[in-house]
Amino acid sequence: MEHLINIVLLGLLMLAGFAIVRTKSLLAVAMLTSIYSLLSASLFVVLDAVDVALTEAAIGAGISTILMLAAIALTSDEEKAPRHTPLLPLFVVIATGAALIYGTLDMPRFGDPAAPAHRHVAPTYLQDTPTAIGIPNVVTSVLASYRSYDTLGEVTVIFTAGTGVLALLGFRPRRRNTEDTGRKKLVILRVVAKLFFPLILLFALYVLFHGDYGPGGGFQAGVIFATGFILYALAFGLSNSQQLIPHQLLYVMAAAGVLIYGLVGIASMLLGGKFLEYQVLANDPVTGQHVGILLIETGVAITVAAVVLIIYYGFVSRRPAPGDI
Amino acid sequence: MIGLAFDILSWVSLLIGAIFLLVGAIGVLRFPDFYSRLHAVSVSDTMGTALILVGLMIQGGLSMVTVKLLLMFYFMIFTGPTAVHALAEAAIEGNVKPFARKTGQ
Amino acid sequence: MYIVVSVVILISITMGLVRAYRGPTLYDRVMAANMIGTLTVLMVSVLGFLTGRPEFLDIALVYVLISFVSTIAVLRVSANRYGTARDDATGSAQE
């Protein structure tokens with residue numbers, strides 16, 4: 001039965017991809033991409049990859065759609081007609097696709113327990129996590145503890161991306177209240193945004209601190225945080241959202257998150273362990289792991305939220321007219 | 001016995017909810033203009049969502065699952081109509097004309 | 001029972017996708033996307049019960065919030081671009 005649902009979802013993904021290629025209006029394409037992400041996230045749910053599904057939903061369907069829309073708002077929303085014939089690109093795409101399909105012939109069967117991916121290090125992680133780290137969610141333990149170097153690298157990449165966008169787009173502050181008069185139409189949205197804003201932040205904290213037990217963690221929590229502030233900016237305008245969280249604070253936050261992560265590593269070195277070896281952070285090694293994972297997840301969340309908001313502010317503040325996105 | 005009664009109640013709720021969703025989807029596909037399609041999806045989706053969530057809550061019993069379902073219920077009961085209202089308003093501003101027959105005014 | 005509901009939801013998603021492809025206006029597509037968002041939320045919750053893993057509900061909750069915010073975002077962009085009724089004081093005609 002699950003196979004049937006998988007097949008139907010894959011078919012729907014193909015349909016959505018076809019629609020994306022055929023549509024000319026870029027706003028519509030952004031919507032269709034968001035649908036595509038939602039569908040692939042449901043596919044991940046059916047495949048039991050809960051953490052990936054959460055990430056895909058928050059980042060693919062949420063933030064990347066919003067950032068795409070913010071970029072479209074600065075340019076045109078009509079796709080330009082190509083000036084060359086599509087034959088060569090078509091050939092390249094077909095050749096690449098054929099090569100990829102040929103590559104899958106060697107791969108182990110779907111769900112094969114004897115696949116190399118399941119035999120190399122995965123059994124160690126699955127066996128050791130309950131005793132060595134003591135948290136139920138193995139994904140979090142792999143991400144934040146066994147492979148914390150990788151995650152540090154990822155956070156640094158995100159920080160660099162934020163710095164790059166900042167260098168390219170900058171931020172143009174607006175005078176206060178130039179955009180906030182006479183918008184009676186937004187009353188309902190504003191009431192709902194006011195109701196939801198604290199709940200979204202609370203839910204982000206839940207995702208952050210519950211990441212040890214269920215799906216979630218720093219990346220997703222950061223994105224949900226940013227989504228809350230973006231909802232606020234959409235309903236009340238950029239200058240009001242600036243009052244709430246000024247962009248100077250965001251610069252500090254983006255750097256602070258990475259710093260927290262690195263300082264946890266240095267602290268564990270000073271306490272006699274290796275870099276990012278959390279066992280030494282508390283008397284009990286398992287508690288040390290807990291403390292270390294929570295600290296670095298918090299750092300990740302702070303950096304991700306700040307960088308997403310920096311990118312969003314960067315795009316939106318460039319709009320010459322008082323449009324809010 | 002009481003368990004069976006709860007099961008039947010939740011199944012009925014789930015089924016009726018699914019029928020509402022299906023009817024809304026057919027309306028979205030078949031209705032002639034934007035506003036009637038919007039009407040089809042907004043009304044039936046809210047009802048279908050409510051029924052399905054209630055059906056799941058009965059299955060969940062008194063637990064954390066039900067609390068989360070209640071939270072979802074709360075969110076959806078607000079977001080659905082707000083999004084539809086914003087859509088209708090944006091469509092009016094964007095000059096989408098309602099469908100009308102030429103004759104027999 | 002859960003299977004019947006999830007099949008019905010999948011059929012509805014297909015219909016919504018057809019509407020999202022056919023358009024004809026941008027608002028139709030946004031409406032379809034919004035509907036698919038709602039349906040996906042319900043499907044994820046039902047699938048959680050089907051497979052006996054209720055922590056899927058966290059994902060469903062994220063979906064609710066995310067699809068709402070992205071719907072609002074696309075409407076604000078389109079209102080800034082295509083909106084003609086600029087009754088407010090700030091709406092100096094852009095573009």
Side-chain angles (χ1 to χ4, degrees), chain A residues 1-2 5 8-9 12 15-16 18-19 22-23 25 27-28 30-32 34-35 38-39 41-42 45-46 48 50 53-54 57-58 61-62 65-66 69-70 72-73 77 178-183 189 196 200 203 207 210 214-216 220 224 227 230-231 234-235 319-325, chain C residues 3 6-7 10-11 13-14 16-18 20-23 25-26 28-30 32-34 36-37 39-41 43-44 47-48 50-51 53 55-56 58-63 65-82 85 87-95:
Chain A
M1 193 60 216
E2 280 185 17
I5 295 181
V8 173
L9 277 173
L12 288 178
L15 211 66
F18 183 72
R22 296 277 301 169
T23 311
S25 157
L27 281 176
M31 270 348 266
L32 287 168
S34 145
I35 294 178
L38 274 177
L39 288 174
S42 339
V45 168
V46 182
D48 255 7
V50 196
L54 194 63
T65 310
I66 291 169
L69 289 170
I72 291 171
D77 78 327
T178 51
E179 58 198 273
D180 194 34
T181 44
R183 294 224 157 174
L189 177 61
F196 273 25
I200 293 180
F203 187 63
V207 170
H210 198 255
Q220 296 94 330
I224 297 171
T227 312
I230 288 175
L231 176 65
L234 284 172
R319 269 187 79 68
D324 296 333
I325 183 169
Chain C
I3 287 177
S6 30
V7 168
L10 276 175
I11 295 171
I13 288 181
T14 317
L17 206 56
V18 171
Y21 174 56
R22 290 224 305 234
T25 63
L26 171 70
D28 282 297
R29 300 177 207 270
V30 180
N34 192 34
I36 291 176
L39 291 172
T40 313
V41 169
M43 191 171 75
V44 169
L47 280 177
L50 179 68
T51 50
R53 301 200 39 194
E55 66 258 41
F56 287 0
D58 288 351
I59 304 174
L61 261 172
V62 174
Y63 281 19
L65 300 171
I66 290 292
S67 76
F68 174 63
V69 175
S70 53
T71 306
I72 296 297
V74 71
L75 291 177
R76 296 310 305 275
V77 174
S78 74
N80 281 331
R81 178 145 303 189
Y82 304 113
D87 55 347
D88 46 8
T90 60
S92 52
Q94 345 153 4
E95 281 139 15

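By convention in this document, chain letters (A, B, ...) are assigned in the order of the sequence lines, proteins followed by strands, and residues within each chain are numbered from 1.
Note on A:I224, A:V207, A:V8, A:D48: by heavy-atom pairs under 4.5 Å with chain C, the leading option is A:D48. Between chain C and the options A:V50, A:L231, A:T65, the largest number of non-hydrogen pairs under 4.5 Å is found for A:V50. Of the listed residues (A:I200, A:L12, A:V46, A:T227), the greatest number of heavy-atom pairs within a distance under 4.5 Å of chain C belongs to A:L12. Chosen from A:L38, A:I5, A:L9, A:T23, the residue pairing most often with chain C at heavy-atom distances under 4.5 Å is A:L38. Interface remark: of the candidates C:T71, C:L75, C:D58, C:D58 forms the most heavy-atom pairs closer than 4.5 Å to chain A. Options C:I36, C:V62, C:I72, C:I3 differ in how many heavy-atom pairs under 4.5 Å they form with chain A, and the most are formed by C:V62.
No donor-acceptor pair closer than 3.5 Å links the side chain of C:R29 to the backbone N or O of A:A28.
In this structure, no portion of C:V41 lies under 4.5 Å from any heavy atom of chain A. Residue C:S70 touches chain A through both its backbone and its side chain, counting heavy-atom pairs closer than 4.5 Å. In this structure, no portion of A:A30 lies under 4.5 Å from any heavy atom of chain C.
Between the OH atom of C:Y21 and the CD1 atom of A:I35 there is a distance of 13.5 Å, given to the nearest 0.5 Å. Taken from OG in A:S42 to CG in C:L47, the straight-line distance is 8.0 Å, to the nearest 0.5 Å. One finds the CZ atom of A:F203 at 4.5 Å from the CG atom of C:L61 (value rounded to the nearest 0.5 Å).
Remark: A:A53 pairs with A:F44, A:V45, C:I59 by the side-chain contact (heavy atoms from CB on, under 4.5 Å) rule, at least two apart or across chains. Partners of C:T14 under the side chain to side chain donor-acceptor pair (under 3.5 Å) rule, at least two apart in sequence or in another chain, do not exist in this structure.
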Given C:V74 and A:M31, is the side chain to side chain contact (heavy atoms under 4.5 Å, CB included) satisfied, shown in steps? CA-CA 8 Å; C:V74 71; A:M31 270 348 266; 3.7 Å; yes
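The minimum heavy-atom distance linking C:I66 with A:A61 is given by the pair CG2-C, 3.8 Å. Nearest heavy atoms, A:A41 versus C:Y63: CB-OH, 2.6 Å. Taking all atoms of both residues into account, the shortest heavy-atom contact from C:A73 to A:I66 is CB-CG1, 4.1 Å.
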